[in-house]
Protein chains: 2
Amino acid sequence: MKKSNLSPFSLSFKDVESFFNLDKIKQLYGIHKNLTWEDIKILVKIAKFRRYRNKSYVIEAGEKNTNVFFIFKGLVRSYKVNEKGDEITVSLYRENQFFLSAECHLYQNKSSFYFECLEPTFACFADVTKIQEILSRDKKVDETREFVSLKIFQQNYERINSFVLLTPEERYLDFVEKNPDLNQRVPNKYIANVLGVTPVSLSRIRKRLAMKKE
Amino acid sequence: MKKSNLSPFSLSFKDVESFFNLDKIKQLYGIHKNLTWEDIKILVKIAKFRRYRNKSYVIEAGEKNTNVFFIFKGLVRSYKVNEKGDEITVSLYRENQFFLSAECHLYQNKSSFYFECLEPTFACFADVTKIQEILSRDKKVDETREFVSLKIFQQNYERINSFVLLTPEERYLDFVEKNPDLNQRVPNKYIANVLGVTPVSLSRIRKRLAMKKE
DNA sequence: TTTACAAATTATCTTTTGTTAACGTTTTCC
DNA sequence: GGAAAACGTTAACAAAAGATAATTTGTAAA
């Protein structure tokens, strides 16, 4: 049984500034520009804020959702239900990360994925057309978008390489190294899916690794 | 033994127009803009053209190459040599496709991948900084770049999904369906790598599928 | 604390894959 | 044309993964 979400709400600039870690974001996305809080305000103005309960949906399959989401706090997984009825988790999104339904944005389709919170999550979002309006007028913020796009491209590129070049075991070690906290926060079965193996298989990989260590 | 390449050369607009299939490109990349041959000329002007022999390198590992390449005719594979000394092919690039060294562009690093022609290949290329100069001045062409980026993002997204959601057998069927000609043109061992399996395993997959059909 | 449910591990068995090597076929290059 | 190299297939064996079910562990609700 999935609980309903709380409603979106607006926030004062001061409120938002208090939990918006600009330095951290600039570091994460390699933003070298002299980007200030004042630059971002124009985006904050159109954003809606929302708290999501644990296990609630940000986007449901069948929905046409063209919002761009940004997570302040919490954790979201995207998953698909296959023909057998199994949920397969494809991606995890964490604090300071953006996510959106690629199907809704790239193909103007309904989403075939669910976006479900794995923790109580606090996020903001805005429709992509509204964002683009602003970006077309504000060159500085638009350049920032470039950094974010680049980072996401980079992550996708590395993930493809990991599937071709690494074994499941190596992918798991890589995941743990890069996301030591997620390894604790995320149920194992979801991590298994993300790595392209079954939960049972990941359990065995962990056992093998534990044996090796001794 | 790898042969050396022929030298890059310039071409007249008329020459280029004759083998540059703008309609095909617009269709492939979903470019809805009223893009004309005249718009592209500005890019053609700075591009260098080059014929590559079969098995020659477009980019070699250890090189710092920030060119963006576009293939008119031919086929290129990107591969990496792992610790065991095996070549692992990660991607295939064909006519009307762009490619570049992600490492050189995203990380300002040397390439750890080789880009090798699997056929006699005819391509053009230009350094990314020169391209960006032009794009910053010509809005129409810059919007076209957006379409191309989107298409590449889309392809990467689908490839990640295929690794998580599909079995190797399903990935192979998907590859054949989407690239019936490549299945003929590309040696099987490279296709196997791209799908994330060994050549021996792909051979067995093909056999299993042949058995099923009867 | 007890109960109930979900998650992780373990076990068993089957299927698939990796690895190495052999074999026949095709291609490449003198 | 003929030797050498490259390719795809097949075989044999070991290792790993998928599927299913049972068991244990952990967590949350009553």
Side-chain angles (χ1 to χ4, degrees), chain A residues 1-3 53-56 75 77 79 82-89 92 116-120 162-173 175-176 182-213, chain B residues 1-4 53-56 75 77 79 81-89 92 116-120 163-173 175-176 182-212:
Chain A
M1 197 87 68
K2 306 277 177 173
K3 291 171 185 169
R53 292 185 212 278
N54 187 17
K55 294 183 184 174
S56 69
L75 198 54
R77 73 169 176 127
Y79 73 89
N82 66 13
E83 323 76 45
K84 293 183 209 154
D86 301 325
E87 295 179 0
I88 310 292
T89 299
L92 298 168
E116 182 200 43
C117 298
L118 296 182
E119 295 176 359
S162 80
F163 279 116
V164 177
L165 298 169
L166 305 181
T167 63
E169 183 171 316
E170 291 168 328
R171 278 202 295 282
Y172 172 68
L173 287 170
F175 178 87
V176 173
L182 283 195
N183 196 35
Q184 308 298 324
R185 285 161 69 185
V186 183
N188 251 274
K189 54 180 182 169
Y190 302 141
I191 295 176
N193 286 165
V194 168
L195 299 176
V197 296
T198 60
V200 177
S201 189
L202 178 57
S203 186
R204 286 186 288 226
I205 288 171
R206 287 152 70 91
K207 193 179 183 181
R208 279 204 303 270
L209 288 170
M211 301 276 282
K212 280 185 192 171
K213 268 194 176 173
Chain B
M1 197 84 71
K2 305 278 178 173
K3 292 173 186 167
S4 66
R53 290 186 213 277
N54 187 18
K55 293 183 183 176
S56 69
L75 198 54
R77 73 170 177 129
Y79 73 89
V81 179
N82 66 13
E83 323 77 46
K84 291 182 211 154
D86 301 324
E87 295 181 359
I88 310 290
T89 299
L92 299 168
E116 182 201 42
C117 298
L118 296 183
E119 295 176 359
F163 281 117
V164 176
L165 297 169
L166 305 181
T167 63
E169 184 172 314
E170 290 168 328
R171 278 203 295 283
Y172 173 67
L173 287 171
F175 178 88
V176 174
L182 284 196
N183 195 34
Q184 308 299 323
R185 286 162 67 184
V186 183
N188 250 274
K189 52 179 182 170
Y190 302 141
I191 295 176
N193 286 165
V194 169
L195 299 177
V197 296
T198 59
V200 178
S201 190
L202 178 58
S203 186
R204 288 187 286 225
I205 288 171
R206 287 152 70 90
K207 193 178 185 182
R208 279 204 303 271
L209 288 170
M211 301 276 282
K212 280 185 194 173

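Proteins get letters first, then strands, A, B, ... in listed order; numbering begins at 1 in each.
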Separation between NZ of Lys55(A) and CG of Leu118(A), rounded to the nearest 0.5 Å: 10.0 Å

Atom-to-atom span, NZ of Lys189(A) to P of dG26(D) - whole angstrom: 17 Å

Distance in angstrom units between Glu119(A) CD and dT27(D) C1', rounded: 16 Å

Distance in angstrom units between Asn54(A) CG and dA28(D) C1', rounded: 12 Å

Atom pair CG/CG of Leu173(B) and Leu195(B) - distance to nearest 0.5 Å: 10.0 Å

Straight-line distance of Arg208(A) CZ to Ser203(A) OG, nearest 0.5 Å: 10.5 Å

Among dT10(C), dT9(C), dT19(C), the nucleotide that comes nearest once only the side chain of Arg206(A) is considered: dT9(C)

Whichever of Thr167(A) and Val200(A) has its nearest DNA chain D nucleotide further upstream toward 5': Thr167(A)

Whole-Å distance separating the CG atom of Asn188(B) from the P atom of dT25(C): 18 Å

Under-4.0 Å side-chain N/O to phosphate OP1/OP2 contact, Lys84(A) with dA19(D): yes

Short side-chain N/O contact to dT9(D) OP1/OP2 from Arg208(B), under 4.0 Å: no

Nucleotide dT16(C), atom C1' - distance to CE of Met211(B) in whole Å: 15 Å

Value in whole Å for how far the P atom of dT9(C) lies from CG of Leu209(A): 12 Å

Criterion side-chain hydrogen bond (donor to acceptor under 3.5 Å, both in side chains) on Arg77(A) and Asn193(A), from CA distance to verdict: CA-CA 11 Å; Arg77(A) 73 169 176 127; Asn193(A) 286 165; 5.7 Å; no

Distance in Å, Leu165(A) CG paired with Asn82(B) CG, rounded so as to fall on 0.5 Å steps: 8.0 Å

Shortest side-chain distance from Val197(A), nucleotide among dA11(D), dT17(C), dG18(D): dG18(D)

Gap between atoms CG and C1', on Leu195(A) and dG18(D) respectively (whole Å): 16 Å

Side chain of Pro168(B) - closest among dT17(C), dA8(C), dG8(D): dT17(C)

dT17(C) OP1/OP2 closer than 4.0 Å to side-chain N/O of Thr198(B): no

Sugar-phosphate, base or nothing in reach of Ser203(B), heavy atoms under 4.0 Å: base

Gap between atoms CD1 and C1', on Ile205(A) and dT17(C) respectively (whole Å): 13 Å

Nucleotide nearest Arg204(B) when distance is taken to its side chain, options dA12(D), dT9(C), dA7(C): dA12(D)

